[in-house]
Number of protein chains: 2
Amino acid sequence: MPNSDPPSDTRLMFELFNEIGIIEQLSRTAFEAVMTDGMTLPQFSVLNHLVRVGDGRTPLAIARAFQVPKTSMSHTLAKLDQADLIEMRPNPEDGRGKLVFITAKGRAARESAIHALAPEIAQILPVFTVQEAAALLPGLRKLREFLDKARDPL
Amino acid sequence: MPNSDPPSDTRLMFELFNEIGIIEQLSRTAFEAVMTDGMTLPQFSVLNHLVRVGDGRTPLAIARAFQVPKTSMSHTLAKLDQADLIEMRPNPEDGRGKLVFITAKGRAARESAIHALAPEIAQILPVFTVQEAAALLPGLRKLREFLDKARDPL
DNA sequence: TCCATATAGTACGATTTCGTATCATATATA
DNA sequence: TATATATGATACGAAATCGTACTATATGGA
């Protein structure tokens with residue numbers, strides 16, 4: 001009978017992606033449990049991105065930053081817009097396009113979320129230290145960059 | 001004016017979770033692009049789990065293994081059952097429960113998926129080595145275990 | 001035994017994700 | 001300039017996710 005097991009290299013990579021998937025799952029659930037308003041992880045991620053790298057970006061650029069389909073980002077942005085956390089203005093340099101700006105309310109919502117998150121982060125750090133987190137980042141970035149290059153363009 | 005930036009420890013943790021989220025996103029998309037039948041990542045993960053740790057497990061145990069809500073797992077199992085990739089039998093030890101068994105067709109589907117994945121894995125490995133993957137795993141497991149303990153029970 | 005409570009699983013519905021199709025505008029080429 | 005093609009964004013619909021509520025069975029205590 002044929003050996004049905006994948007080679008051990010493959011097994012290891014499966015396990016890596018499996019751990020990553022479970023962490024994503026758990027961290028998303030933990031995040032959304034802490035948010036009192038209905039703020040979702042994608043929504044917060046976008047607000048945080050706009051503050052960190054600056055607003056006035058196009059929806060497509062934001063979709064690429066998170067590697068999600070532009071239709072998914074369109075939905076997230078529509079929700080943020082409805083809640084007045086961002087503002088969508090026409091792009092003066094491209095009549096087809098728009099630019100996304102975070103509002104004062106959006107900044108406040110981001111800060112409120114960060115405050116709500118602080119105790120959770122504080123709980124993690126004694127067990128899983130900043131050093132350990134920092135040690136993981138280069139490898140994860142490298143993996144992400146590989147997958148990024150290998151993918152079909154969004 | 002107040003400083004709106006989170007402390008650098010928090011920033012670092014955000015970045016860690018952000019990288020993990022993006023990798024999850026990219027790997028899921030890459031996986032599903034390669035599958036010719038409609039096999040999804042959750043479906044494959046369940047089949048693979050049943051082969052690796054053995055079948056005859058309850059739906060709830062499987063949901064816990066992947067840290068997803070039992071209603072989500074119920075949906076995934078229903079799809080696998082419709083496709084005859086698994087079989088759900090009553091649990092002889094618990095009249096409320098069921099046991100999940102992988103079928104011959106399910107084993108074949110798993111192996112076919114692994115074969116379809118092999119070239120992708122082979123592309124990663126020269127760039128992102130087994131050693132690098134192995135180096136990440138202990139830290140990721142530790143983080144996953146922490147989040148697991150901290151969460152509300154499923 | 002009887003009843004209260006807990007647990008396994010699913011039905012259902014709200015929301016999210018995301019692929020396809022579409023529209024509007026931009027860009028390139030003749 | 002005129003036309004073809006490419007691109008930004010959204011509408012729409014199918015499928016996945018997951019919370020709430022429900023059913024059926026199990027378990028523990030009076």
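Chain naming here is simple, since letters A, B, ... match the order of the sequence lines and numbering starts at 1 in each.
- Of the charged side-chain nitrogens involved, at least one lies within less than 4.0 Å of a carboxylate oxygen, so that A:Glu15 and B:Arg141 count as a salt-bridged pair.
- Of the residues B:Leu80, B:Val46, B:Leu50, the one that meets the side chain to side chain contact (heavy atoms under 4.5 Å, CB included) test with B:Leu85 is B:Leu80.
- Ion pair A:Glu111/A:Arg107 not flagged as a salt bridge, since none of the NZ, NE, NH1 or NH2 atoms sits closer than 4.0 Å to an Asp/Glu carboxylate oxygen.
- Residue-level contact check: A:Glu93 touches neither bases nor backbone, having no heavy atom under 4.0 Å from any strand.
- The CG-P distance, from A:Asp81 to D:dA9, rounds to 13 Å in whole Å.
- Closest to the A:Lys98 side chain, of the nucleotides D:dT10, D:dA16, D:dG8, is D:dT10.
- Atom CE of residue A:Met13 and atom CG of residue A:Leu16 lie 5.5 Å apart, to the nearest 0.5 angstrom.
- Of all nucleotides listed (C:dA24, C:dT17, D:dC18), D:dC18 comes nearest to the side chain of A:Gln25.
- To the nearest angstrom, C1' of D:dG8 lies 13 Å from CG of A:Leu77.
- Taking atom CD of residue A:Gln67 and atom C1' of nucleotide C:dC18, one finds them 15 Å apart after rounding to whole Å.
- Mapping A:Pro59 and A:Thr29 onto DNA chain D via the closest heavy atom, the residue that lands nearer the 5' end is A:Pro59.
- Taken to the nearest 0.5 Å, the NZ atom of A:Lys70 stands 11.0 Å off from the OG1 atom of A:Thr58.
- The aromatic rings of A:Phe44 and A:Phe31 lie tilted to each other, with the angle between the two planes from 30° to 60°.
- For B:Glu24 and C:dT17, the CD to P distance is 11 Å, given to the nearest whole Å.
- Within 4.0 Å (heavy atoms only), B:Asn91 reaches no atom of the nucleic acid at all.
- Here C:dG9 presents its C1' atom at 18 Å from CZ of B:Arg89, a figure rounded to the nearest Å.
- Rounded to whole Å, the distance from CG on A:Leu99 to P on D:dG8 is 13 Å.
- Atom CZ in A:Arg96 sits roughly 13 Å away from atom P in D:dT10 (whole-Å rounding).
- A:Lys79 has its NZ atom 15 Å from the C1' atom of D:dT10, to the nearest Å.
- Of the candidate nucleotides C:dT16, D:dG19, C:dA8, C:dA8 has the atom lying nearest to any side-chain atom of B:Leu60.
- When each of D:dA9, D:dA24, C:dT16 is scored by its nearest atom to the side-chain atoms of A:Thr40, the top-ranked nucleotide is C:dT16.
- For the pair A:His75 and A:Gly95, both in contact range of DNA chain C, the more 5′-proximal nearest nucleotide belongs to A:His75.
- In this structure, B:Met88 reaches the sugar-phosphate backbone alone: every heavy-atom distance under 4.0 Å involves primed, P, OP1 or OP2 atoms, never a base.
- Taking side-chain N and O atoms only, A:Thr58 has no distance below 4.0 Å to OP1 or OP2 of D:dG8.
- Side-chain atoms of B:Asp94 lie closest to D:dT25 of the nucleotides C:dG19, D:dT25, D:dG8.
- Proximity note for B:Thr71 (side chain, C-beta onward) versus C:dG19, D:dT20, D:dA26: the nearest is D:dT20.
- The side chain of B:Lys70 sits closest to C:dT10 out of C:dT10, D:dA16, C:dT17.
- Closest contact between the side chain of A:Gln43 and the listed nucleotides C:dT17, D:dA16, C:dT16 involves C:dT16.
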